[in-house]
Trainee: 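Encoded as C-alpha coordinates, here's the structure I'll be asking about.
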Amino acid sequence: MKTPKTFEEQTECIVDFLLTDFLGMPSQVAPRDLPGEVETDSGEPCSFDVAIIAGRLRMLGDEFNGEVEACAQSVITETIRGQAGAILQETVKSLSKGWCAQDSSLAYERAFLAVSVKLLEHVIRMAPQTARQVAISVTDMINGNGAIREFIQGQGGWENLES
(Lines give C-alpha, C1' and ligand atoms only; values in the text may rest on other atoms or scores of the structure.)
Protein backbone atom coordinates (compact mmCIF):
# COMPACT_ATOMS: atom_id res chain seq x y z
CA MET A 1 0.00 0.00 0.00
CA LYS A 2 1.32 3.43 -0.89
CA THR A 3 1.39 5.86 2.02
CA PRO A 4 -0.54 9.13 1.60
CA LYS A 5 2.14 11.82 1.39
CA THR A 6 0.46 15.08 2.21
CA PHE A 7 -1.55 16.12 5.22
CA GLU A 8 -4.57 16.55 2.93
CA GLU A 9 -4.22 13.03 1.48
CA GLN A 10 -3.85 11.57 4.97
CA THR A 11 -6.91 13.45 6.23
CA GLU A 12 -8.98 12.25 3.26
CA CYS A 13 -7.84 8.67 3.81
CA ILE A 14 -8.73 8.82 7.52
CA VAL A 15 -12.18 10.38 6.95
CA ASP A 16 -12.91 7.85 4.17
CA PHE A 17 -11.98 5.04 6.56
CA LEU A 18 -14.31 6.48 9.23
CA LEU A 19 -17.06 6.82 6.63
CA THR A 20 -16.87 3.19 5.55
CA ASP A 21 -16.55 2.08 9.16
CA PHE A 22 -19.62 4.07 10.30
CA LEU A 23 -21.60 2.81 7.29
CA GLY A 24 -20.57 -0.76 8.09
CA MET A 25 -18.99 -1.19 4.66
CA PRO A 26 -15.73 -3.01 4.00
CA SER A 27 -12.84 -0.59 3.82
CA GLN A 28 -10.99 0.12 0.58
CA VAL A 29 -7.83 0.53 2.67
CA ALA A 30 -5.42 -2.39 2.83
CA PRO A 31 -6.09 -4.69 5.79
CA ARG A 32 -4.00 -4.08 8.90
CA ASP A 33 -3.07 -7.71 9.29
CA LEU A 34 -0.80 -7.80 6.26
CA PRO A 35 2.71 -8.87 7.21
CA GLY A 36 5.34 -6.14 7.30
CA GLU A 37 5.00 -2.40 7.44
CA VAL A 38 3.68 0.07 4.94
CA GLU A 39 6.52 1.60 2.95
CA THR A 40 7.03 5.03 1.49
CA ASP A 41 8.15 5.55 -2.12
CA SER A 42 11.74 5.64 -0.87
CA GLY A 43 11.34 2.17 0.62
CA GLU A 44 11.44 3.45 4.20
CA PRO A 45 8.98 1.94 6.70
CA CYS A 46 6.07 4.22 7.58
CA SER A 47 4.01 4.34 10.76
CA PHE A 48 0.86 5.68 9.06
CA ASP A 49 -1.88 3.13 9.84
CA VAL A 50 -5.28 4.56 8.98
CA ALA A 51 -7.18 1.97 11.05
CA ILE A 52 -5.26 2.83 14.22
CA ILE A 53 -5.59 6.57 13.60
CA ALA A 54 -9.34 6.26 12.93
CA GLY A 55 -9.70 4.18 16.09
CA ARG A 56 -7.98 6.89 18.12
CA LEU A 57 -10.28 9.53 16.63
CA ARG A 58 -13.33 7.40 17.45
CA MET A 59 -12.17 7.10 21.07
CA LEU A 60 -11.68 10.85 21.13
CA GLY A 61 -15.21 11.32 19.78
CA ASP A 62 -16.60 8.91 22.36
CA GLU A 63 -15.36 11.27 25.08
CA PHE A 64 -17.79 13.90 23.84
CA ASN A 65 -21.38 13.42 24.96
CA GLY A 66 -22.75 16.83 24.12
CA GLU A 67 -25.87 17.68 22.19
CA VAL A 68 -24.52 16.14 18.98
CA GLU A 69 -27.65 14.27 17.96
CA ALA A 70 -29.81 17.41 17.90
CA CYS A 71 -27.13 19.28 15.97
CA ALA A 72 -26.75 16.39 13.53
CA GLN A 73 -30.29 17.00 12.28
CA SER A 74 -29.39 20.58 11.33
CA VAL A 75 -26.32 19.34 9.46
CA ILE A 76 -28.46 16.77 7.61
CA THR A 77 -31.04 19.39 6.64
CA GLU A 78 -28.40 21.79 5.33
CA THR A 79 -26.55 18.98 3.55
CA ILE A 80 -29.71 18.11 1.65
CA ARG A 81 -29.95 21.80 0.69
CA GLY A 82 -26.32 21.70 -0.48
CA GLN A 83 -24.97 23.79 2.41
CA ALA A 84 -23.14 21.17 4.47
CA GLY A 85 -19.83 23.02 4.83
CA ALA A 86 -21.04 26.18 6.53
CA ILE A 87 -23.40 24.57 9.05
CA LEU A 88 -20.87 21.84 9.82
CA GLN A 89 -18.16 24.39 10.63
CA GLU A 90 -20.50 26.49 12.76
CA THR A 91 -21.76 23.44 14.65
CA VAL A 92 -18.31 21.95 15.31
CA LYS A 93 -16.94 25.33 16.40
CA SER A 94 -19.86 25.98 18.75
CA LEU A 95 -19.88 22.50 20.33
CA SER A 96 -16.08 22.51 20.69
CA LYS A 97 -16.05 25.89 22.43
CA GLY A 98 -18.86 24.78 24.72
CA TRP A 99 -17.02 21.60 25.67
CA CYS A 100 -13.81 23.55 26.33
CA ALA A 101 -15.75 25.97 28.53
CA GLN A 102 -16.87 23.00 30.64
CA ASP A 103 -13.37 21.50 30.79
CA SER A 104 -10.61 24.12 30.90
CA SER A 105 -7.89 21.45 30.57
CA LEU A 106 -9.18 20.40 27.14
CA ALA A 107 -7.35 21.75 24.10
CA TYR A 108 -9.72 23.33 21.57
CA GLU A 109 -8.11 21.39 18.70
CA ARG A 110 -8.66 18.08 20.47
CA ALA A 111 -12.30 19.02 21.11
CA PHE A 112 -12.66 20.08 17.47
CA LEU A 113 -11.48 16.68 16.23
CA ALA A 114 -13.63 14.79 18.74
CA VAL A 115 -16.77 16.75 17.89
CA SER A 116 -16.09 16.39 14.14
CA VAL A 117 -15.86 12.60 14.39
CA LYS A 118 -18.87 12.27 16.69
CA LEU A 119 -20.99 14.53 14.50
CA LEU A 120 -19.96 12.58 11.38
CA GLU A 121 -20.93 9.35 13.13
CA HIS A 122 -24.37 10.67 14.12
CA VAL A 123 -25.10 12.13 10.68
CA ILE A 124 -24.16 8.84 9.01
CA ARG A 125 -26.38 6.83 11.37
CA MET A 126 -29.32 9.20 10.99
CA ALA A 127 -29.07 9.85 7.23
CA PRO A 128 -26.63 7.54 5.45
CA GLN A 129 -27.59 9.08 2.09
CA THR A 130 -25.78 12.27 3.16
CA ALA A 131 -22.67 10.44 4.39
CA ARG A 132 -20.36 11.12 1.43
CA GLN A 133 -21.25 14.84 1.29
CA VAL A 134 -20.68 15.29 5.02
CA ALA A 135 -17.43 13.30 4.92
CA ILE A 136 -16.12 15.58 2.16
CA SER A 137 -17.09 18.61 4.25
CA VAL A 138 -15.34 17.18 7.33
CA THR A 139 -12.18 16.54 5.28
CA ASP A 140 -12.27 20.06 3.84
CA MET A 141 -12.95 21.56 7.27
CA ILE A 142 -9.96 19.81 8.87
CA ASN A 143 -7.63 20.47 5.94
CA GLY A 144 -8.68 24.12 5.80
CA ASN A 145 -8.14 24.86 9.47
CA GLY A 146 -4.56 25.98 10.09
CA ALA A 147 -4.80 25.60 13.87
CA ILE A 148 -5.97 22.00 13.56
CA ARG A 149 -3.25 21.21 11.04
CA GLU A 150 -0.61 22.75 13.35
CA PHE A 151 -1.99 20.80 16.33
CA ILE A 152 -1.81 17.48 14.44
CA GLN A 153 1.61 18.22 13.00
CA GLY A 154 2.77 19.37 16.45
CA GLN A 155 1.89 15.88 17.70
CA GLY A 156 4.19 14.45 15.03
CA GLY A 157 1.45 13.92 12.42
CA TRP A 158 -1.74 11.90 12.33
CA GLU A 159 0.10 8.71 13.25
CA ASN A 160 1.14 10.17 16.61
CA LEU A 161 -2.21 11.69 17.54
CA GLU A 162 -3.26 10.20 20.85
CA SER A 163 -6.84 9.49 21.83
Side-chain angles (χ1 to χ4, degrees), residues 4 7-29 31-32 48-153 155 157-163:
F7 180 83
E8 290 82 3
E9 289 172 341
Q10 290 179 342
T11 303
E12 183 177 357
C13 189
I14 293 162
V15 174
D16 282 346
F17 186 92
L18 286 166
L19 173 67
T20 57
D21 189 34
F22 291 150
L23 286 170
M25 298 167 35
S27 175
Q28 300 301 310
V29 178
R32 289 180 46 207
F48 185 84
D49 186 330
V50 70
I52 290 173
I53 297 163
R56 289 176 182 158
L57 286 170
R58 283 190 78 161
M59 287 190 292
L60 211 86
D62 289 344
E63 292 176 20
F64 181 72
N65 294 314
E67 42 306 317
V68 175
E69 195 164 337
C71 294
Q73 189 56 54
S74 296
V75 172
I76 292 165
T77 301
E78 293 304 312
T79 299
I80 292 168
R81 292 183 185 153
Q83 304 296 319
I87 189 71
L88 182 68
Q89 285 189 17
E90 290 172 25
T91 302
V92 170
K93 185 177 179 179
S94 173
L95 291 173
S96 299
K97 284 184 175 184
W99 191 17
C100 288
Q102 294 173 5
D103 181 355
S104 60
S105 68
L106 181 64
Y108 173 78
E109 296 82 3
R110 184 178 167 88
F112 182 96
L113 291 169
V115 170
S116 298
V117 170
K118 203 60 173 178
L119 192 56
L120 177 64
E121 180 179 15
H122 277 282
V123 168
I124 290 171
R125 286 191 181 149
M126 293 169 70
Q129 71 277 13
T130 66
R132 174 58 54 196
Q133 289 171 285
V134 175
I136 290 168
S137 293
V138 167
T139 301
D140 292 345
M141 181 178 65
I142 292 170
N143 284 337
N145 188 315
I148 300 303
R149 175 191 293 263
E150 287 177 26
F151 175 76
I152 293 165
Q153 291 174 333
Q155 304 282 315
W158 281 111
E159 58 271 23
N160 293 312
L161 184 69
E162 293 299 322
S163 55

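Because only heavy atoms are used, hydrogens play no part in the values below, and waters and symmetry mates are left out as well, while side chains stay in.
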Trainee: The criterion is side chain to side chain donor-acceptor pair (under 3.5 Å); which residues satisfy it with Asp140, sequence neighbours excluded?
Mentor: none
Trainee: Grab the two heavy atoms, one from Ser116 and one from Val92, that are nearest each other, plus how far apart they are.
Mentor: OG-CG1, 3.5 Å
Trainee: Looking at Leu60 and Ala114, what are the two nearest heavy atoms and their distance?
Mentor: O-CB, 3.3 Å
Trainee: Apply side chain to side chain donor-acceptor pair (under 3.5 Å) to Gln155 and list each qualifying residue two or more places apart in sequence or on a separate chain.
Mentor: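 Result, side chain to side chain donor-acceptor pair (under 3.5 Å) vs Gln155: none returned.
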Trainee: Nearest heavy-atom pair of Tyr108 and Cys100: which atoms, and what distance?
Mentor: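 Closest approach of Tyr108 to Cys100: CA-SG, 3.5 Å.
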Trainee: Could you state the interatomic distance from CD1 (Ile76) to CD1 (Ile124), rounded to the nearest 0.5 Å?
Mentor: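 Answer rounded to 0.5 Å: 10.0 Å.
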Trainee: Indicate the atoms forming the closest heavy-atom contact of Val50 with Cys13, along with that distance.
Mentor: CG2-O, 3.6 Å
Trainee: Between Phe112 and Ser96, what is the shortest heavy-atom contact and its length?
Mentor: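 That closest heavy-atom pairing would be CA-OG, 3.2 Å.
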Trainee: List the atom pairs, with distances to 0.1 Å, where a side-chain N or O of residues 79-90 and a protein N or O form a donor-acceptor pair under 3.5 Å, not counting sequence neighbours.
Mentor:
from, atom 1, to, atom 2, distance (Å)
Thr79, OG1, Val75, O, 2.6
Arg81, NH1, Glu78, OE2, 2.7

Trainee: For residues 126-135, dump all side-chain donor-acceptor pairs below 3.5 Å to protein atoms at least two apart in sequence or in another chain.
Mentor:
from, atom 1, to, atom 2, distance (Å)
Thr130, OG1, Ala127, O, 2.8
Arg132, NH1, Asp16, OD1, 2.8

Trainee: With heavy-atom distances below 4.5 Å as the criterion, would you say the side chains of Phe22 and Val117 are in contact?
Mentor: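 Yes, their side chains come closer than 4.5 Å.
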Trainee: Against Glu63, only a single residue in Arg58, Arg110, Lys118 fulfils salt bridge (charged side-chain N to carboxylate O under 4.0 Å, His left out); can you say which?
Mentor: Arg110
Trainee: Mind running side-chain contact (heavy atoms from CB on, under 4.5 Å) on Leu57 and Leu161 for me, showing each step along the way?
Mentor: CA-CA 8 Å; Leu57 286 170; Leu161 184 69; 3.7 Å; yes
Trainee: Could you go through Leu113 and Phe64, starting from their C-alpha distance and side-chain angles, then the distance that decides it, and tell me whether this counts as side-chain contact (heavy atoms from CB on, under 4.5 Å)?
Mentor: CA-CA 10 Å; Leu113 291 169; Phe64 181 72; over 6 Å; no
Trainee: Ser104: what forms a side chain to side chain donor-acceptor pair (under 3.5 Å) with it, not counting sequence neighbours?
Mentor: none
Trainee: Looking at CD1 of Ile136 and CG of Leu19, how far apart are the two atoms once the value is rounded to the nearest 0.5 Å?
Mentor: 9.0 Å
Trainee: In Å and rounded to the nearest 0.5 Å, what is the CD1 to OG1 distance from Ile142 to Thr11?
Mentor: 6.0 Å
Trainee: What's the separation between atom OG1 in Thr139 and atom CD in Gln10, rounded to the nearest 0.5 Å?
Mentor: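 Spacing of OG1 (Thr139) from CD (Gln10) equals 12.5 Å.
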Trainee: Taking only distance into account, with no hydrogens and no angle test, what donor-acceptor pairs under 3.5 Å do side-chain atoms of residues 145-152 form with protein atoms, sequence neighbours excluded?
Mentor:
from, atom 1, to, atom 2, distance (Å)
Asn145, OD1, Ala147, N, 3.0
Asn145, OD1, Ile148, N, 3.1
Arg149, NH2, Glu8, OE2, 2.3

Trainee: Kindly compute the distance separating CG (Leu120) from CE (Met141), expressed to the nearest 0.5 Å.
Mentor: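 The CG atom of Leu120 sits 9.0 Å away from the CE atom of Met141.
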Trainee: What pairs of residues pass the salt bridge (Lys or Arg N to Asp or Glu O under 4.0 Å) test when at least one of them lies in residues 92-102, not counting sequence neighbours?
Mentor: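 Pairs touching residues 92-102 that pass the test: none.
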Trainee: Quick one: does any side-chain atom of Arg56 pair with a main-chain N or O of Glu159 as donor and acceptor, under 3.5 Å?
Mentor: yes
Trainee: Can you tell me how far apart CD1 (Ile53) and CZ (Phe48) are? Round to the nearest 0.5 Å.
Mentor: 4.0 Å
